[in-house]
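So the structure is just underneath, and the comments pick up after that.
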There are 2 protein chains.
Amino acid sequence: MAITIKDVAKHANVAPSTVSRVIADHPRISEKTKKRVRKAMKELGYHPNLIARSLASKSTSVIGLVMPESADVIFQNPFFSSVLQGLSARAYEKSFALQMTTGKTKDEIFQEVVQMVQGRRVDGLILLNSHVEDRLMSYLMNCDFPFVVIGKPYKHEEQITHIDNDNFRAAKEVTEYLLGLNHERIAFIGGHRDLVVTVDRLLGYEKALREASIELRDSYIVHAEFLKEGGEEAIDELLKLAEPPTALVVTDDLMTLGVLHMLDKMEISVAEQMSIVSFNNVFLAQMTQPPLTSVDINIFSLGYEAAKNLILKIEDPKEPVKRIIIPHQLVIRSSCERLEGKAHSSLSTKK
Amino acid sequence: MAITIKDVAKHANVAPSTVSRVIADHPRISEKTKKRVRKAMKELGYHPNLIARSLASKSTSVIGLVMPESADVIFQNPFFSSVLQGLSARAYEKSFALQMTTGKTKDEIFQEVVQMVQGRRVDGLILLNSHVEDRLMSYLMNCDFPFVVIGKPYKHEEQITHIDNDNFRAAKEVTEYLLGLNHERIAFIGGHRDLVVTVDRLLGYEKALREASIELRDSYIVHAEFLKEGGEEAIDELLKLAEPPTALVVTDDLMTLGVLHMLDKMEISVAEQMSIVSFNNVFLAQMTQPPLTSVDINIFSLGYEAAKNLILKIEDPKEPVKRIIIPHQLVIRSSCERLEGKAHSSLSTKK
DNA sequence: TTGTAGGCGTTATCAC
DNA sequence: GTGATAACGCCTACAA
């Protein structure tokens, strides 16, 4: 059996409660006894039982992470690794532990979260992505349980602390960037419509085109999974069009990777024949051929701020609701080129 | 205050212990009272307090994950995402939660693990990678605390349950594969020497060359970080040699990505001028240009089996020590070509 | 089959 | 300043 607070108490000739106070560094304990107790702790190799502490103090110093439904590979997006790093960094600084959901489907994850919350296993939750209709959020709001969202809540935006980029503006800017390079036939390849981030980026794209008085074509807007196959299907559809686009806005670097692969197969050269702006600027973006022009959304900060603000709320329930916008910046590499002459790519002349 | 077992007991007109037994589905409780109690639980919306349960039962149903020291980007290797998926899958099946370390340095992580273990926060641990001299392992063995290692322990192999690939053999096979393609000047680009996996793969590579009576050259063996920059530096060194290699064994797909990037810059064509075999076969391997020939090491299984065997050991401390070898297979794509004529690449003629 | 009571290792509220 | 003592919510002998 492990050393308990009582053993330490005996060893130091004090009451258990005194030991407890020493652990908490209670101010009105004399330095002398503090020293004595600490010595006893050292000698016995005492470590507090955190479970017991949690039970008594009704707090765990654990943050629950609601992972994306890892249907399959979405999970492997380096985006999540980076978010994790940000979360870890702040959690470590504040001595919080991180516990994650393991379920694959929305339902599984929902049940797990209920367990975590009702089971008092975590002090707060971070939702790593935001769905359009999110049962989880309603539940958590209902419980009045501390949580923050990475991304933008679809509903009740004003009542939920969330950490997001200005995806609308970012998408608008990149589209304008392409317009500035003379492109007019710009297509949009987005992730799942169910994700708020996709919706926001789509709106920004549309806004830019509208402001430039360029007609929106439904056929230029395709949605795909965040992965290779997705990118491939998407590009396939687009290139079959009578007037294929000369430039692409793709909402995720990983999808862009699929797009590059596909273009390569079709012997369409990126930049020269097809300009591409991508999102997220994960480390892969600089390693592709050509290196991608991509919007850096400061993923690490998303995670760091999420943890920071959740902990703030845990420590003080009266902490007000906040919306934190993490800045983004377009990192220009080599996947875009100016379209010379009229807005017709070499592709259209094939027809 | 939340609903407790006592509230349910009152509501159902039984003793708290009876409720507890119903929760545990104790056999000698009559179906009738079980039903009644369950009804009461439903009606009151009861959820057990897992912390209290842990304290009383001295078990948490939580597995601790010892993450790699995320100095920076190693963490972003899709390898870890895949391992996590495997771990999650089994953890979910057995209703275990996953809690991870957040520290960046070895020391930080060590301290966290001590907290987890002594704080009784987790029932067991999974070490996601294995270092050459691992203080953590000694500590855990000393405590007799349940843990399994993904990879091969450097020491005490016979006393530590671990899940590994036969990295020696895998490396030997890929080297032989290259030899079979007529290559003789085969270089090895490995990760950090501190990682057991690197050592194993290096030994396999050397063995294959030795068996083929090909001299080992120190200059053909380079170590680098698991990332882009690493790959670039490595390739740079190799190509400066008087007799540069015609083929490469690279121990990680991500490093290979860096290598590809570098070769591309130097206008050396992969396969044609430089054959490459890589390791891990993460999803990126099929998306590069050209797609990589890579050893699939079944990362998901590594994770799944790790969780499975740890839980086995948690459930029965007498569970024997095991070494689980996950099979691997070489996935041949397009990054290697047969070397025609004598073993001289077009590169050497440049000199 | 079910109830009673003590314990799990802390923290927290009283007193002194 | 420090020491009893009662929670915290559940599990588990031991009784009945």
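These values consider heavy atoms only, across backbone and side chains, with no hydrogens, waters or symmetry-generated copies. Order of the sequence lines sets the chain letters (A, B, ...), proteins ahead of strands, with each chain counted from 1.
- Among residues two or more places apart in sequence or in another chain, the salt bridge (charged side-chain N to carboxylate O under 4.0 Å, His left out) test is passed with A/Lys10 by none.
- Every salt bridge (charged side-chain N to carboxylate O under 4.0 Å, His left out) that B/Lys155 has, sequence neighbours left out, goes to B/Glu133.
- Applying the ring pair (Phe, Tyr, Trp, His ring centres under 6.0 Å) definition to pairs two or more places apart or across chains, none involves residues 10-29 of chain A.
- Identified under the ring pair (Phe, Tyr, Trp, His ring centres under 6.0 Å) test for residues 80-125 of chain B, with sequence neighbours left out: B/Phe110-B/Tyr139.
- The salt bridge (charged side-chain N to carboxylate O under 4.0 Å, His left out) check on A/Arg135 picks up A/Asp107, with sequence neighbours excluded.
- Computed from C1' positions of five pairs at each end, the angle between the two local axes of the helix from C/dT1-D/dA16 to C/dC16-D/dG1 equals 40°, rounded to 10 degrees.
- If you measure from atom NZ of B/Lys10 to atom C1' of C/dG3, you get 15 Å, rounded to the nearest angstrom.
- Residue contacts shown for B/Asp7 are absent, as no nucleic acid heavy atom lies under 4.0 Å away.
- Distance, B/Ile29 CD1 to D/dC11 P: 13 Å, rounded to whole Å.
- For A/Asp7, the side chain to side chain contact (heavy atoms under 4.5 Å, CB included) test picks out A/Ile3, A/Thr4, A/Leu44, with sequence neighbours left out.
- Annotation: side chain to side chain contact (heavy atoms under 4.5 Å, CB included) contacts of B/Pro153 (sequence neighbours excluded): B/Met137, B/Glu157, B/Ile160, B/His162.
- Using a cutoff of 4.0 Å between basic side-chain nitrogens and carboxylate oxygens, B/Glu315 and B/Lys94 are scored as salt-bridged.
- With sequence neighbours left out, A/Lys322 forms a salt bridge (charged side-chain N to carboxylate O under 4.0 Å, His left out) with A/Glu319.
- Near DNA chain D, defined here as any heavy-atom distance below 4.0 Å, the residues from residues 30-44 of chain A are A/Ser30, A/Thr33, listed numerically.
- The side chain to side chain contact (heavy atoms under 4.5 Å, CB included) test applied to B/Ser95 returns no partner, not counting sequence neighbours.
- Rounded to whole angstrom, the span from the NE2 atom of A/His26 across to the P atom of D/dT2 amounts to 10 Å.
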5' to 3', nucleotides 6-13 of chain C under a 4.0 Å protein heavy-atom cut-off (B base, S sugar-phosphate only, - none) gives -BBBBBBB
